Amino acid sequence: MKYLVVSDIHGSSYYANKLEEIYIKEKADKIILLGDLYYHGPRNSLTDEYNPMKVAEVLNKYKDIILCTKGNCDAEVDQMISEFKFEDNITININGTEFFFSHGHKYNITNIPPVGKVVVYGHFHIGFIQEQNGIIFANPGSISLPKNNSRHSYLIIDDKNIVLKDIEGNVIEKVNFGKNDSI
């Protein structure tokens with residue numbers, strides 16, 4: 001199974017279309033959205049080609065393969081234009097490793113959730129992968145509004161690796177989390 005993880009689209013139809021291109025190029029099986037899909041937020045400038053309804057049109061095409069967490073900028077009305085469900089958080093077992101996905105405004109590297117060997121969250125608009133106290137923390141950054149001179153980015157998670165890539169597909173960071181198959 002291959003997961004494409006994206007966060008913080010913030011209403012950019014330009015980057016929603018990029019997400020679709022990336023999904024096709026990466027041949028992902030599932031898309032995990034970490035929230036802040038439509039509204040740009042009061043502290044952010046308008047994103048490229050700001051059009052939340054067009055973002056919903058792109059995302060709704062993939063409703064059967066989307067898993068989505070609710071971000072701090074996602075409102076009840078956002079769920080009304082989405083044909084997929086928003087969850088507070090998502091827990092998935094990938095190749096024997098428990099992953100915890102959330103937006104990041106509640107659970108993150110400084111407020112660790114009660115479950116998960118790997119914690120994946122957005123919210124901060126800066127992509128990274130790092131290990132701390134035996135837990136891997138990964139953030140896809142923001143596909144549309146990266147901060148602190150970081151790149152427009154996303155994560156790919158397969159059965160053994162977490163890979164942070166920029167939107168051109170260049171690897172920024174890579175970590176192996178998979179179990180050792182050798183005896």
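Keep in mind it's a predicted model, so treat the numbers as computed, not measured.
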Under a 4.5 Å cut-off applied to non-hydrogen side-chain atoms, are [X] and [Y] in contact?
| X | Y | result |
| --- | --- | --- |
| Val163 | Lys165 | yes |
| Ile65 | Asp29 | no |
| Val6 | Ile22 | no |
| Ile162 | Leu164 | no |
| Cys68 | Leu37 | yes |

Spacing of [X] atom [atom1] and [Y] atom [atom2] [to the nearest 0.5 Å]:
| X | Y | atom1 | atom2 | answer |
| --- | --- | --- | --- | --- |
| Asn176 | Ile136 | CG | CD1 | 8.0 Å |
| Thr91 | Phe99 | OG1 | CZ | 11.5 Å |
| Leu67 | Tyr3 | CG | OH | 7.5 Å |
| Tyr14 | His152 | OH | NE2 | 8.0 Å |
| Ser102 | Asn89 | OG | CG | 6.5 Å |
| Lys70 | His105 | NZ | NE2 | 8.0 Å |

Looking only at heavy atoms, which two atoms of [X] and [Y] are closest? And how far apart?
| X | Y | answer |
| --- | --- | --- |
| Asn95 | Asp159 | ND2-O, 2.8 Å |
| Gly71 | Asp74 | N-OD2, 2.6 Å |
| Thr47 | Gly11 | OG1-C, 3.6 Å |
| Ser7 | Pro140 | CB-CG, 3.7 Å |
| Cys73 | Gly41 | SG-CA, 3.8 Å |

Is [X] linked to [Y] within one hydrophobic cluster, defined over Ile, Leu, Val, Met, Phe, Trp and Tyr using a side-chain heavy-atom separation of less than 4.5 Å?
| X | Y | answer |
| --- | --- | --- |
| Leu4 | Ile92 | no |
| Val5 | Val55 | no |
| Leu34 | Leu19 | no |
| Met1 | Ile32 | yes |
| Leu155 | Phe177 | yes |

Are the side chain of [X] and the backbone N or O of [Y] linked by a donor-acceptor pair below 3.5 Å?
| X | Y | result |
| --- | --- | --- |
| Asp48 | Tyr15 | no |
| Asn60 | Ala56 | yes |
| Lys2 | Glu26 | yes |
| Ser82 | Phe84 | no |
| Ser150 | Lys147 | yes |

Where do Ile172 and Arg151 land on the side chain to side chain contact (heavy atoms under 4.5 Å, CB included) test, with the steps shown first? CA-CA 9 Å; Ile172 301 170; Arg151 297 185 242 179; 3.7 Å; yes
With Tyr107, the ring pair (Phe, Tyr, Trp, His ring centres under 6.0 Å) member among Phe137, Phe101, Phe100: Phe100
Give the intermediate values and the outcome of salt bridge (Lys or Arg N to Asp or Glu O under 4.0 Å) for residues Lys54 and Glu57. CA-CA 5 Å; Lys54 287 197 183 213; Glu57 287 173 25; over 6 Å; no
Other members of the hydrophobic cluster containing Leu46, with the 4.5 Å side-chain heavy-atom rule, please.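 Other cluster members: Tyr39, Tyr50.
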Extract all donor-acceptor atom pairs below 3.5 Å that involve side chains of residues 108-127 and protein atoms in other chains or at least two apart in sequence.
unit_1 : atom_1 : unit_2 : atom_2 : d
Asn108 : OD1    : Thr110 : N      : 2.9
Asn108 : OD1    : Thr110 : OG1    : 2.7
Asn108 : OD1    : Asn111 : N      : 3.2
Asn108 : ND2    : Gly104 : O      : 2.9
Asn111 : ND2    : Lys106 : O      : 2.7
Lys117 : NZ     : Gly134 : O      : 2.7
Tyr121 : OH     : Ile109 : N      : 3.3
His123 : ND1    : Asn72  : OD1    : 3.2
His123 : ND1    : His103 : NE2    : 3.1
His125 : ND1    : Leu145 : O      : 2.7
His125 : NE2    : Asp8   : OD1    : 3.2
His125 : NE2    : His10  : NE2    : 3.3

Atom CD of Glu76 with >12 non-hydrogen neighbours under 6.0 angstrom: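 12 or below, so no.
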Look at atom CG of Asn133 and say whether more than 12 heavy atoms of other residues, nucleotides or ligands are closer to it than 6.0 Å.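 Open: at most 12 neighbouring heavy atoms sit under 6.0 Å from CG of Asn133.
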